Amino acid sequence: MANKTALFAGSFNPFTLGHLRIVERGLAIADCVVVGVGYNINKPVPGNLESRLDQIRKAVEPLNKPSEGKSVLVKEYGGLTADFARRIGADFLLRGIRSVGDFEYERNLADVNLKVLGIDTVILCAEPEYSYLSSSVVRELDANGFDTSHLLP
């Protein structure tokens, strides 16, 4: 069986426990998961990118298991996700969804990526304990003085 690489892309501002579980579960279907940290013009300014990259690298480090042929890489990128996927040799995009609304959005993107750019998307449903969790919820709670440490790796 050929080695498979998945690209799990997002702004990850911040990278939550839900994101971590998608990466972990992605390793069941790929040998390497690349966490691509990109900039989305529709989201708030990403903040300190280097700090975020370091935090994600620390969070995913325990998932690296070279003896089992499993690895997680963290890379930053700009531009179209599908172009980045092509540059790194990804076999498919890995996405997580929490709700029907997420599914509609991700399905449309998956269709475009397949038809226009020729790359498939694998969608994993969030586990129930993480279905409410989003980066924007964590940012909002944090901005209002709530402890969010239990939501982050």
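Treat the numbers as computed from the prediction; the structure is a model and nothing was measured. Basis for what follows: all heavy atoms, side chains included, without hydrogens, waters or symmetry-related copies. Throughout, residue positions are numbered sequentially from 1 according to the sequence presented.
I123 and V23 fall into different hydrophobic clusters, where Ile, Leu, Val, Met, Phe, Trp and Tyr residues are linked whenever their side-chain heavy atoms come under 4.5 Å apart, directly or through other members. No single ILVMFWY cluster, assembled from side-chain heavy atoms under 4.5 Å apart, contains both V72 and F84. Under a hydrophobic clustering in which Ile, Leu, Val, Met, Phe, Trp and Tyr are joined whenever their side-chain heavy atoms come within less than 4.5 Å, directly or via other members, V35 and L63 fall into the same cluster.
F15 is not listed as a side-chain neighbour of V37, based on a closest heavy-atom distance of 4.5 Å or more. Within the 4.5 Å cutoff, no side-chain heavy atoms of L114 are placed close to those of I119. Looking at L93 and V122, their side chains never come closer than 4.5 Å, going by heavy atoms from C-beta outward. P153 is not listed as a side-chain neighbour of K58, based on a closest heavy-atom distance of 4.5 Å or more.
Residue pairs meeting the ring pair (Phe, Tyr, Trp, His ring centres under 6.0 Å) criterion with at least one member in residues 107-127: none, sequence neighbours excluded. Counting only residues at least two apart or on different chains, the side-chain hydrogen bond (donor to acceptor under 3.5 Å, both in side chains) pairs with a member in residues 67-81 are Y77-T81. Applying the ring pair (Phe, Tyr, Trp, His ring centres under 6.0 Å) rule to pairs touching residues 110-153 yields nothing, sequence neighbours excluded. Residues in residues 114-129 take part in these side-chain hydrogen bond (donor to acceptor under 3.5 Å, both in side chains) pairs, two or more places apart or across chains: R21-E127. For residues 90-114, the pairs satisfying salt bridge (Lys or Arg N to Asp or Glu O under 4.0 Å) are R95-E106, R98-D102, R107-D111, with sequence neighbours left out.
D54 pairs by the salt bridge (Lys or Arg N to Asp or Glu O under 4.0 Å) definition with R57, not counting sequence neighbours. Checked against side-chain contact (heavy atoms from CB on, under 4.5 Å), V112 has the following partners two or more places apart in sequence or in another chain: V116. For R87, the salt bridge (Lys or Arg N to Asp or Glu O under 4.0 Å) criterion is met by no residue, not counting sequence neighbours. Take R25 and apply the salt bridge (Lys or Arg N to Asp or Glu O under 4.0 Å) test, not counting sequence neighbours, and it matches no residue. Not counting sequence neighbours, the partners of D83 by the side chain to side chain donor-acceptor pair (under 3.5 Å) test are R86. A search for ring-ring contact (aromatic ring centres under 6.0 Å, His included) contacts involving F8 returns F12, not counting sequence neighbours. Checked against side-chain contact (heavy atoms from CB on, under 4.5 Å), S149 has the following partners two or more places apart in sequence or in another chain: D147.
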- Carefully, step by step, assess D142 and R139 under the rule side-chain contact (heavy atoms from CB on, under 4.5 Å). CA-CA 5 Å; D142 189 57; R139 283 194 312 272; 5.7 Å; no

- Task: Check the pair L124 / I97 against side-chain contact (heavy atoms from CB on, under 4.5 Å), numbers first and verdict last.
- Result: CA-CA 6 Å; L124 299 178; I97 61 169; over 6 Å; no

- Message: Using the rule given for side-chain contact (heavy atoms from CB on, under 4.5 Å), can you reason through L7 versus I88, listing the C-alpha separation, both sets of side-chain angles and the distance that settles it, and then say yes or no?
- Response: CA-CA 9 Å; L7 171 59; I88 65 168; 4.1 Å; yes

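The minimum heavy-atom distance between T5 and V34, with the atom names listed, is CG2-CG2, 4.0 Å. Taking both residues in full, the closest heavy atoms of F92 and I29 are given as CZ-O, 4.0 Å, listed atom of the first, atom of the second, then distance. Considering all non-hydrogen atoms of both residues, P14 and L152 come closest at CG-CD2, 3.7 Å. Looking at every heavy atom in both residues, A82 comes nearest to L117 through CB-CD1, 3.0 Å. Residues P128 and S131 come closest through the heavy atom pair O-OG, 3.1 Å. Here the closest heavy-atom approach between residue V33 and residue G26 is recorded as CG2-C, 3.9 Å.
Although no hydrogens or angles enter the test, the distance criterion places a donor-acceptor pair under 3.5 Å between the side chain of N144 and the main chain of E140. Between the N3 side chain and the D31 main chain, no donor and acceptor come within less than 3.5 Å of each other.
Across L133, L151, V137, T148, a single residue satisfies side chain to side chain contact (heavy atoms under 4.5 Å, CB included) together with T16, and that is L133.
The NZ atom of K4 lies 13.0 Å from the SG atom of C32; values are rounded to the nearest 0.5 Å.
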